[in-house]
Amino acid sequence: MVALTFPDGARRDYPNGITGLEVAKKISPSLAKRTVAMALDGVLADLSDPIERDASIEFVARDDPRALELIRHDCAHVMAEAVQTLFPGTQVTIGPVIENGFYYDFFRNQPFTPEDFPAIEKKMREIITRDRPFTKEVWSREQAKKVFRDRGENFKLELVDAIPPGEELKIYKQGDWFDLCRGPHMTSVGKVGSAFKLMKIAGAYWRGDSNNPMLTRIYGTAWAAQDELDQYIHRLEEAEKRDHRRLGREMDLFHFQEEAPGAVFWHAKGWTLFEALIAYMRRRQQETGYLEVNTPQLMDSALWVASGHMEKYREMMFLTESREDDERVFTIKPMNCPGHVQIFKNGLKSYRDLPLKLAEFGKVHRFEPSGALHGLMRVRAFTQDDAHVFVTEDQIAAECILINDLILSIYMDFGFDDVRIKFSDRPQKRIGEDAVWDKAEAALMSALKASGRPWTLNAGEGAFYGPKLEYVLRDAIGREWQCGTVQVDLNLPGRLGAFHIAPSGEKVMPVMIHQANFGSLERFIGILIEHYAGHLPLWLSPAQALVCTITSDADAYASEVVAAAKRAGIRAEADLRNEKISYKVREHSLAKIPVLLVVGKKEAAERAVSIRRLGSEQQSVMPLDAALRALAAEATPPDLKRTREAA
RNA sequence: GCUGGCGUAGCUCAGUGGUAGAGCACUCCCUUGGUAAGGGAGAGGUCGACAGUUCAAUCCUGUCCGCCAGCACCA
């Protein structure tokens with residue numbers, strides 16, 4: 001007998017080996033009918049599975065949120081059957097569920113195109129309407145290999161071999177078609193329903209390894225109901241509207257062009273934003289004891305050989321080739337750290353100088369693979385807010401805690417309060433003694449604990465020279481972006497011959513903590529644009545206020561308003577063009593100008609302004625002085641607000 | 001880097017083996033209008049680059065560059 005505990009707390013005994021379906025039937029035929037799967041001790045399982053141990057049991061209906069991944073997984077199988085039916089000779093590989101949908105990787109000599117989608121979707125609907133039950137069989141390895149070999153399914157053959165011995169080899173059938181699969185699945189194909197859509201096609205390496213053949217991946221999305229699918233499509237369209245590449249153009253912030261792949265042409269407005277970020281960070285660093293420095297863009301390649309970068313990242317570095325009569329090769333810096341070590345080394349350092357915190361807004365160049373480039377998010381030339389904290393081994397933990405506090409407080413100021421931390425520990429390929437790794441990892445762990453933030457372990461993903469923390473922001477529409485990083489480096493100072501004089505009088509190598517808060521300024525700006533959908537907070541907005549005249553009668557007053565606004569510290573301009581006010585409002589709204597100050601005869605006479613905020617149709621008329629005071633207060637960066645309030 | 005797609009005016013996009021079009025934007029003129037497009041006229045393109053096929057290439061073929069999606073990569 002097995003004892004099953006139901007969600008209401010009831011506990012009943014059943015014969016050992018009874019299936020979930022039989023249990024459901026005994027309770028009520030209607031329950032059995034609407035159940036598509038079960039959860040045993042919270043783990044989804046086939047309803048046809050025999051139950052052979054005591055467990056809690058829940059019946060999962062199709063509209064249960066947990067059924068969604070089953071719908072998607074079943075839909076992937078349906079798509080695979082449809083593709084193999086329509087395109088004989090296509091080999092199937094794997095087809096997992098992913099966020100918002102599923103994909104299936106196929107191998108076929110001739111690639112698919114989106115024009116194939118309607119036919120595939122039509123065939124899928126036929127298969128779903130046919131509504132065959134999903135049945136599971138457990139095959140022997142020999143049987144599976146013979147079947148897949150006979151069918152020319154070479155990739156499946158490999159998958160069979162990859163299944164660890166002892167694990168069952170399960171085959172799910174849906175009518176004549178079947179697939180090797182871990183399961184579980186719903187009771188029948190018809191449960192997939194009709195709220196699905198094929199989305200896109202892309203290449204993907206077999207087993208994710210770029211040495212392997214490229215497969216064709218078809219992505220699809222599937223939902224329990226049509227309105228959920230519609231909402232999902234709507235969300236995608238909204239995300240598209242936030243695209244920083246498009247907003248960057250519309251807001252006149254920056255552009256790219258062919259001659260400089262992966263490098264940004266910052267326009268005046270974009271550069272204003274860039275500078276606002278730097279000014280902010282500079283203040284935060286100054287108040288926490290960082291010293292800003294600046295190091296050369298080009299340094300002799302020998303330095304990069306010594307640092308170890310040349311060996312590991314040669315392919316990713318830009319080198320100079322300048323004059324025929326000078327064979328000396330320089331490297332355009334891909335990182336700031338070796339430069340900072342040079343500053344540390346210049347002049348004898350004492351333990352009394354530690355911790356020494358050097359910071360630089362350093363522009364680095366990396367030869368990123370062409371396929372990786374993506375707007376501001378992944379570029380070849382970017383600016384890091386890069387700091388290196390030189391400490392003794394004993395100071396690592398305390399400094400990491402301070403850095404962690406600083407980083408989290410910075411993100412709050414930019415409206416990111418949902419931050420996750422990833423902890424990456426020692427990788428396979430690494431340098432340095434395990435004892436020192438132990439110490440460094442423990443230090444980061446203490447910072448993690450002190451932060452009280454959720455964190456996850458990224459096992460083995462640390463840098464070759466030390467463990468690291470990575471800060472992942474969640475934006476307004478739930479996407480995650482990795483930004484800041486704290487890396488303990490036990491290696492580079494030694495490689496570059498940095499030391500300090502310890503209290504004992506001995507020369508001792510310092511430990512270096514690499515720290516980036518924004519990470520890449522370019523990328524952070526991209527994230528800000530998308531997070532705010534272009535509606536930047538006033539303190540960051542490059543153009544804060546635009547004074548628009550109703551008619552030319554107000555030109556003189558408008559100029560006065562602009563001058564007064566500038567005196568109040570507000571970035572303001574005037575629009576005196578001979579256009580209707582509706583036209584101006586529309587144009588500046590599209591350009592995401594946060595504040596429109598409309599002035600006509602009336603305002604000029606009263607020394608007032610009519611304020612219209614971006615995203616609102618409301619207007620409020622205020623006396624000029626009061627309006628500017630309010631705007632100036634709102635435009636104050638959050639850190640300055642804090643210091644003023646404290647004073 | 002790999003696979004697939006794309007590259008025509010500042011932007012969004014039509015189009016054709018016989019040297020190109022729309023809307024918006026731009027310039028000028030008219031309009032002085034109270035909160036998301038007033039009217040008229042005009043100008044603007046080596047059709048990504050280089051080869052090849054052809055009497056003739058923006059169109060067909062090849063190579064390269066760039067962009068987009070995904071994969072791989074990301075010190």
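Predicted model only: the values in this text are computed from it and were never measured. Just so we're on the same page: letters track the sequence lines, and every chain starts at 1.
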message: What's A:K312 touching, base or sugar-phosphate or nothing? Going by heavy atoms closer than 4.0 Å.
response: nothing

- prompt: Between B:C2, B:C74, B:U35, which nucleotide has the shortest distance from any of its atoms to the side chain of A:R378?
  reply: B:C74

- request: Would you mind classifying the nucleic acid contact of A:S210 as base, sugar-phosphate or nothing, using non-hydrogen atoms under 4.0 angstrom?
  value: sugar-phosphate

- prompt: Which residue, A:F256 or A:Q619, contacts RNA chain B at a nucleotide closer to its 5' end, judged by nearest heavy atom?
  reply: A:Q619

query: Is the side chain of A:K584 donor-acceptor paired with the backbone N or O of A:D575 at a distance under 3.5 Å, no angle test?
result: yes

task: For this output row, return yes or no: ring centroids of A:F112 and A:F87 closer than 6.0 angstrom.
output: yes

message: What is the separation between atom CD on A:E579 and atom P on B:G38, rounded to the nearest whole Å?
response: 7 Å

query: If you measure from the C1' atom in B:G17 to the same atom in B:C2, how many Å do you get, rounded?
result: 34 Å

- request: Side chain of A:M214 only, please: which of B:G7, B:U3, B:G34 is the nearest?
  value: B:U3

query: Checking all strands, does A:E259 fall into the base, sugar-phosphate, or nothing category for heavy-atom contacts under 4.0 angstrom?
result: nothing

field: Aromatic ring pairing A:H244/A:F254, orientation class (parallel under 30°, perpendicular over 60°, tilted between)
entry: tilted

message: Output the rounded distance in Å from CG (A:N212) to P (B:U3).
response: 14 Å

task: Quick one: label A:Y219 by what it contacts on the DNA or RNA (base, sugar-phosphate, nothing), any heavy atom closer than 4.0 Å.
output: sugar-phosphate

query: Between residues 601-615 of chain A and RNA chain B, which residues have a heavy-atom gap below 4.0 Å?
result: A:K601, A:K602, A:E603, A:S610, A:R612

Sugar-phosphate, base or nothing in reach of A:G308, heavy atoms under 4.0 Å: nothing

- line: Numerically ordered, the residues 582-594 of chain A set in heavy-atom contact under 4.0 Å with RNA chain B is A:S582, A:Y583, A:V585, A:R586, A:S589, A:L590

task: Please check the phosphate of B:G4 (OP1 and OP2 only) for any side-chain N or O of A:R108 closer than 4.0 Å.
output: no

- prompt: Distance between the C1' atoms of B:U8 and B:G44, in whole angstroms?
  reply: 14 Å

- prompt: Salt-bridged, A:E480 to A:K422, with N to O below 4.0 Å?
  reply: no

Atom-to-atom span, CD1 of A:I98 to C1' of B:C71 - whole angstrom: 12 Å

field: Side-chain N or O of A:R249 closer than 4.0 Å to phosphate OP1/OP2 of B:U12
entry: yes

- prompt: Reckon A:I550 touches a base, only the sugar-phosphate, or nothing at all at heavy-atom distances under 4.0 Å?
  reply: base

task: Determine the Euclidean distance between corresponding C1' atoms of B:U58 and B:G1; express it in Å to zero decimal places.
output: 30 Å

query: When the aromatic ring centroids of A:F106 and A:Y104 are compared, is their separation below 6.0 Å?
result: yes

- prompt: Would you say the side chains of A:Q487 and A:T485 form a donor-acceptor pair under 3.5 Å?
  reply: yes

- request: Would you mind telling me which of B:A72, B:A75, B:U35 lies closest to the side-chain atoms of A:Y465?
  value: B:A75

query: Does a donor on one side chain and an acceptor on the other come within less than 3.5 Å for A:W481 and A:E530?
result: no

- prompt: How is A:P114 classified with respect to the nucleic acid when contacts are heavy atoms under 4.0 Å: base, sugar-phosphate, or nothing?
  reply: nothing

query: Within the modelled atom types, does a donor on one side and an acceptor on the other bring the side chain of A:Y205 and the base of B:G1 under 3.5 Å apart?
result: yes

- request: Could you please name the option among B:U32, B:G33, B:A75 that lies closest to any side-chain atom of A:S552?
  value: B:U32

statement: Closest of B:C67, B:G4, B:U32 to the A:P111 side chain is B:G4

- prompt: Between A:F367 (CZ) and B:C74 (P), how many Å, whole number?
  reply: 17 Å

message: Side chains of A:E399 and A:Q515: any donor to acceptor distance under 3.5 Å?
response: no

query: Any idea which of B:U35, B:A75, B:C71 is nearest the A:I581 side chain?
result: B:U35

field: Selected nucleotide, minimal atom distance to A:P261 side chain, candidates B:A75, B:G33, B:C67
entry: B:C67

message: Less than 4.0 angstrom between a side-chain N/O of A:R245 and OP1 or OP2 of B:C68, yes or no?
response: yes

- prompt: Would you call A:E250 and A:R246 a salt bridge, using N to O less than 4.0 angstrom?
  reply: yes

- prompt: Do the side chain of A:R366 and the base of B:C73 come within less than 3.5 angstrom through a donor-acceptor pair of N or O atoms?
  reply: no

message: Just by distance, no angles: are the side chains of A:T295 and A:E360 close enough, under 3.5 Å, to form a donor-acceptor pair?
response: yes

- request: Measure up the A:Y411 and A:F416 rings against each other and bin them: parallel (under 30°), tilted (30 to 60°), perpendicular (over 60°).
  value: perpendicular

